[in-house]
Amino acid sequence: MLDAAFIRANLEAVKSNCKNRNLVADVDKVIVIDDERKKLLSNIQAIQQKQNELSKLIPKEKDLVIKQQLAGEGKSLREQANAMEAQAKEIESNLKSVLNIIPNMTHPDAPVGLLAEDNKEIKHWGQPRKFDFTPKDHVALCDSLQLADFEAGASVAGQKFYYLKNEGALLELALVQYAMNTLVQEGFIPVITPDLARIEVLEGIGFIPRDPDPEKRQVYTIADTDLCLVATAEITLGGMHRDQVLDEANMPLRYAGLSHCFRTEAGAPGKDTRGLYRVHQFTKVEMFAFCTPEQAEGIHLDILRIEEKIFQGLGLCYRVIDTCTGDLGGPAYRKYDLEAWMPGRGKDGDYGEVTSTSNCTDYQSRRLNIRSKSQGQKGTRFAYTLNGTAVAVTRAIVAILENNQQADGSVIIPEVLRPMIGKDRIVPR
RNA sequence: GGAGAGGUGGCAGAGCGGCUGAAUGCGUCAGUCUCGAAAACUGAAAUACUCGCAAGGGUAUCGGGGGUUCAAAUCCCCCCCUCUCCGCCA
């Protein structure tokens, strides 16, 4: 969420930012409500001041009648203050719900546009493979090599659930290991996070688990609790330091978090319905950084560099996308995606998103109340948060299988994964 | 899941209705002393919000939320968390 004072000072910029992001938000209302809030607050404080002064008089007062009278006065002040406080609470929750809709500001260099076509390709690595046979898609490969069982997944948990089997299962473990190792080498702290988190934490990160429209809810909630299944370790990693003041001497704090990810995919009916591309559950290694405002942009580029390093290591062709304003998520100030070439996607192959890294500035930390402080500096400031995918396992598997398939139906395992799998090729059984 | 104990400033730890934004110790910072340091001594030091051009006020905060009271760190209720013991379990 943005700071109300910032919105007040940058009203027009905030409005045009909403427009660029194709969002309707009542920005003016923030100021109206905030004015109301401030006025009420100062009235409350004046009453509280009177209350405090009065309370100090009472113990000194010898005359019982006057004492009685002062107490009565105090009581009426308390009642006034209570009523106003209830009102203030309501105003604050109104303010919060208006603020929640307003997205983060946008990096001045991010491409402006509303459609996916407005995204800008800023880099390309490798060449899409040319086949001298007709390549299969990953669903066919999973089937012929017995790497996944979608029928069993559907039978046990429903559509878009799956079992990984044989080298499919080993591939997941190997990818996790590969990603973790790479990140540890880069100085990240490896973490395995909870797969569940409280609703407030999800909201702090920018999810809306309580969206009144069930079609829009992206996460599963656990009945009779205030918990959700996490959609990404970004949630649990970001929540890790909530309500804390971090020492800037220790920043940036960089974590490599492993978790399962659960997504209802409610808004995407009929899209990518087959196979592993869009599923309700997958495993992911996520990068997350807490840093100072000064460090954020450098770290963002560094996360992108690491994502590239990981996919180059897997030998996969990809392009890097600078996401346009209309495609940015609410908390993101700027976002880069890696899209890997997937020969089985669409009619003749297509790029598919495999990673995404966002600089969320202080948008998340403001809600999660994550501050930082440096020695000798007065006061605190909100930490900046960044996140990025290291490996989303199912998407990586799609790209590996489709790109590395051979005419004889086998699939060559990327060299970096061979030590963990113990072979260099998956052959039909 | 059951029983008990507890959550106070950077840490340790007192306070158990008003004089407590909070003793004391340690740590931190500045000064005195010193060639320099240590020790000793002296002093400073929370965060957020809010009013004000500023100087400087005010309000809130002792795990969180409610309540009692003129007045709550202190009393009552609910929740969260930590520790110990028991149970259960991978």
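Values below: all heavy atoms of this structure, side chains included; hydrogens, waters and symmetry mates excluded. Numbers restart at 1 for each chain; the letters A, B, ... are given by sequence-line order, proteins then strands.
- For the P atom pair drawn from B:G25 and B:A73, the interatomic distance equals 24 Å after rounding to whole Å.
- Nucleotide B:C16 is matched to nothing when pairs are restricted to Watson-Crick or G-U wobble geometry with both distances under 3.5 angstrom.
- The backbone N or O of A:Q406 sits nowhere less than 3.5 Å from a side-chain atom of A:S410 that would complete a donor-acceptor pair.
- Put simply, CD on A:E53 is 15 Å from P on B:G57, counting in whole angstrom units.
- Look at A:E186 and A:R254 and you find no salt bridge, because none of the NZ, NE, NH1 or NH2 atoms lies under 4.0 Å from a carboxylate O.
- Residue A:Q51 is in sugar-phosphate contact alone, with no base atom involved, counting any heavy-atom pair closer than 4.0 Å across all strands shown.
- Look at CG on A:L54: it is 16 Å from P on B:U69, rounded to the nearest Å.
- Spacing between B:A30 and B:U24 at atom C1', rounded to whole Å, works out to 22 Å.
- Within a 6.0 Å radius of CD in A:Q68, other residues, nucleotides and ligands contribute 12 heavy atoms or fewer.
- In a base pair of the Watson-Crick type (N1 to N3 plus N6-O4 or O6-N4) or a G-U wobble (N1-O2 and O6-N3), with each distance short of 3.5 Å, B:A46 is matched with B:U61.
- Following rounding to the nearest Å, A:E200 (CD) and B:G64 (C1') show an atom-to-atom distance of 10 Å.
- Look at the C1' atom in both B:A48 and B:G9: the space between them is 15 Å, to the nearest Å.
- B:A71 atom P lies 15 Å from atom NZ of A:K50, rounded to whole Å.
- Comparing the same atom, C1', in B:G58 and in B:G21 gives a spacing of 15 Å after rounding to whole Å.
- Base pairing annotation: B:C75 forms a Watson-Crick or G-U wobble pair with B:G67, both donor-acceptor distances under 3.5 Å.
- If you check every strand for non-hydrogen atoms under 4.0 Å, A:G72 touches nothing.
- Across all strands shown, B:G36 forms no Watson-Crick or G-U wobble pair with both key distances under 3.5 Å.
- Going from the C1' atom of B:A3 to that of B:G18 covers 37 Å, rounded to whole Å.
- Residues A:E297 and A:R334 are not paired through a salt bridge, judged by the lack of any N-O separation under 4.0 Å between the basic side chain and the carboxylate.
- B:A14 sits 6 Å from B:A23 when the C1' atoms are compared, rounded to a whole Å.
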Practice prompt. Take A:E61 and A:K67 through the test salt bridge (Lys or Arg N to Asp or Glu O under 4.0 Å) and record every step on the way to the result.
Written response: CA-CA 6 Å; A:E61 185 53 58; A:K67 207 168 193 163; over 6 Å; no
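- B:C29 and B:C78 are spaced 46 Å apart, taking the P atom of each and rounding to whole Å.
- The pairing partner recorded for B:G10 is B:C26, the criterion being a Watson-Crick or G-U wobble arrangement whose two distances lie under 3.5 angstrom.
- Whole-Å rounding puts the A:N52 CG to B:U20 P distance at 15 Å.
- Ring orientation note: the planes of A:H280 and A:Y220 are nearly perpendicular, at an angle over 60° on the 30°/60° scale.
- A:K60 comes within 4.0 angstrom of no nucleic acid atom, judged by non-hydrogen atoms across all strands.
- Two residues, A:N82 and A:K67, neighbour RNA chain B, and the one matched to the more 5' nucleotide by heavy-atom proximity is A:K67.
- As a whole-Å value, the separation of A:K56 NZ from B:U20 C1' is 11 Å.
- Side-chain proximity of A:K89 to B:G66, B:C70, B:C49: nearest is B:G66.
- Across all their heavy atoms, A:C291 and A:I299 have their closest contact at CB-CD1, 3.6 Å.
- Between the base of B:G58 and the side chain of A:Q49 there is no donor-acceptor pair shorter than 3.5 Å.
- Rounded to a whole Å, the CD atom of A:Q244 is 17 Å from the P atom of B:G63.
- Taking atom CD of residue A:Q48 and atom P of nucleotide B:A71, one finds them 11 Å apart after rounding to whole Å.
- Comparing A:K75 and A:F382 along RNA chain B, the residue whose closest nucleotide (by nearest heavy atom) sits nearer the 5' end is A:F382.
- Remark: A:T380 is in phosphate contact with B:A48, judged by side-chain N or O atoms under 4.0 Å from OP1 or OP2.
- Within the 4.0 angstrom heavy-atom criterion, base atoms lie near A:R78.
- Shown here, B:C85 forms a base pair with B:G2; the pair counts as Watson-Crick or G-U wobble because both key distances fall under 3.5 Å.
- Taking atom C1' on both nucleotides, B:G7 is separated from B:G13 by 13 Å, rounded to a whole Å.
- Side-chain proximity of A:R37 to the nucleotides B:U50, B:A48, B:C70 is greatest for B:U50.
- Using a 4.0 Å heavy-atom criterion, one finds that A:K38 contacts the sugar-phosphate atoms exclusively.
- Judged by Watson-Crick or G-U wobble contacts below 3.5 Å, the nucleotide B:G52 has no partner.
- Surrounding NZ of A:K309 are more than 12 heavy atoms belonging to other residues, nucleotides or ligands, all under 6.0 Å away.
- Heavy atoms of A:I58 sit under 4.0 angstrom from at least one base atom.
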